[in-house]
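For reference, the structure is listed below as structure tokens.
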Protein chains: 2
Amino acid sequence: MTESAGLLWGLGEQGRPALTVQRIAAAGIGLADEAGLAAVSMQQVAGRLDVTKMALYRHVVNKAELLAVMIEIAVGAPPELTADGWRAKLTQWALLMRETWQRHPWLPEATVGSRAMGPREIGWTEAAVAALGGTGLTGAQRMDAVFLLSGHIRNTQATSGTQPWTRDKRLNEQIAAHGDRFPALVAATDDAADADPDSSWEFGLARIFDGLELLIQA
Amino acid sequence: MTESAGLLWGLGEQGRPALTVQRIAAAGIGLADEAGLAAVSMQQVAGRLDVTKMALYRHVVNKAELLAVMIEIAVGAPPELTADGWRAKLTQWALLMRETWQRHPWLPEATVGSRAMGPREIGWTEAAVAALGGTGLTGAQRMDAVFLLSGHIRNTQATSGTQPWTRDKRLNEQIAAHGDRFPALVAATDDAADADPDSSWEFGLARIFDGLELLIQA
DNA sequence: ACACACCTGTGTCCGCCGGACACTTCGGTG
DNA sequence: CACCGAAGTGTCCGGCGGACACAGGTGTGT
């Protein structure tokens, strides 16, 4: 009685809404969205919740687990692919995944290496592999195709996977400065000067799909 | 006189061969090769040279510069592509780059993000772009093609870029445990159980080259 | 011959990191 | 009322990158 009365009365000005894994992960995601993955330290996350860093260790066993929960929450529920045909389905899938990764630019960086994957993350892979269902590809080929595609998505995500020499100012300067040593690069970059900055994404996607189509038709 | 005599006499047991950027970078590379990029700290590198960590800062301005020098030395001189035709040339290029990255498994991890590239590293890109010289592709397309290809190399390099769900034991266990939720994955992995572990590499390479060939012929 | 400047390496200090461990505090139950 | 377990805290540790002042030797101008 007394305690439930206390809870009721306390509800209004409840200063501390009780620490949960969800709230901790949300704080970490917010931090990563704003300041990058490197800014996610136990103290920063704790500070954002007005709590000592050690309090977090009551809810996550270590930083890796916090990261895992952050990823699982940030990727969100896997999509339903409504388009017709594997190519349209995979295009839809790639765009959705790209959107998600653009909303959380630290995701590519955080999802490298061997680690525990949550059900939502696996669900995304499931959706892509399922899209290749009626194509006649073997299981290994379907897995490899999804791997190839998602690798490309990761690589064209600016924050982490990207090769710096696509639109890198410093690189272009260096190429120009030592043009005699890199004639092919000078020619290519001159020609590419006013190209769509998103071209690598669409270019790669088209090549991959064309290559897959050739295999499927054979 | 005295000092040259001292130098001569000292030559035999010259305890300290003088710190240079090359020696420092070599120590860093050795460390990274053996224990991974994470093991490369200023103190560890210094310890390997029997020197205080602060001594290193006389030769490199900060850790990022040390990393840059390590990369430039580790990638080595760019190759001469002797094969005939763009496809054979790029295959040769990809294999050589893959060899280099296998010799230094930390390279993929170290070469992400925006950073200063050295002449040797740029030279590798030059070689690949040059291989696409007579194909009729525009400059932007040649750059995008090389970007796509080298992204695939990075992604299939086990240490960093790889998606864990290719041959990950834990993942396969989880798929099996919750098979009802991931029917397409169950089917695909069952079928792929005894596949070549290197299949993703060759699969992706073939798809990319096929896609490029289609574009070049058009 | 001497003083000076420079170059190389060192010691001390700082703030930040992840994390182990022992503690308080408090609410619910016997 | 006594107890227990859960939640949050404080203290400490080793390691990290790096700023800064300093020591020692060596070459050079006077």
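Note that the structure is predicted; figures quoted are calculated from it, not measured. Proteins come first, then strands; the chains are lettered A, B, ... in the order of their sequence lines, and each starts at number 1.
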* Structure fact -> Sorted by chain and residue number, the side-chain hydrogen bond (donor to acceptor under 3.5 Å, both in side chains) partners of B:R207 (sequence neighbours excluded) come out as B:D210
* What's the NE2-C1' distance between B:H59 and D:dG18, to the nearest Å? -> 16 Å
* Mind running a 4.0 Å heavy-atom check of residues 34-44 of chain A against DNA chain C and sending the residues that fall below it, in number order? => A:V40, A:S41, A:M42, A:Q43, A:Q44
* To do: Name all residues meeting the salt bridge (Lys or Arg N to Asp or Glu O under 4.0 Å) criterion together with A:R58; count only those two or more places apart in sequence or in a different chain, and write none if there are none.
  => none
* Would you mind telling me which of D:dG18, D:dG8, C:dG18 lies closest to the side-chain atoms of A:K53? => C:dG18
* To the nearest 10°, let me know how far the axis at one end of the helix from C:dA1-D:dT30 to C:dG30-D:dC1 is tilted from the axis at the other, five pairs an end. => 30°
* Go through the structure and list residues passing side-chain contact (heavy atoms from CB on, under 4.5 Å) with B:R181, not counting sequence neighbours. => A:P119, B:H178
* Check side-chain contact (heavy atoms from CB on, under 4.5 Å) between B:P183 and all other residues, then give those that pass, not counting sequence neighbours. => A:E126
* Between atom CG in A:L56 and atom C1' in C:dA20, what is the gap in whole Å? -> 15 Å
* Spacing of A:D50 atom CG relative to D:dG8 atom C1', expressed in whole Å -> 13 Å
* State the CD1-NE2 distance between B:I208 and A:H152, to the nearest 0.5 angstrom. => 9.0 Å
* **A:E121: partners by side-chain hydrogen bond (donor to acceptor under 3.5 Å, both in side chains), with sequence neighbours left out** => A:R115
* **side-chain hydrogen bond (donor to acceptor under 3.5 Å, both in side chains) involving A:E99 - partner list, sequence neighbours excluded** => none
* In chain order, what residues pass the side-chain contact (heavy atoms from CB on, under 4.5 Å) check against B:T100, with sequence neighbours excluded? -> B:R103, B:L107, B:W124
Give me the distances for all protein-to-nucleotides 20-25 of chain D N/O pairs that come in under 3.5 Å?
unit_1 : atom_1 : unit_2 : atom_2 : d
D:dC22 : N4     : B:R58  : NH2    : 3.4

* Does A:R120 have any side-chain hydrogen bond (donor to acceptor under 3.5 Å, both in side chains) partners at least two apart in sequence or in another chain, and if so, which? -> none
* Who are the side-chain contact (heavy atoms from CB on, under 4.5 Å) partners of B:D33, not counting sequence neighbours? -> B:I29, B:H104, B:P105, B:W106
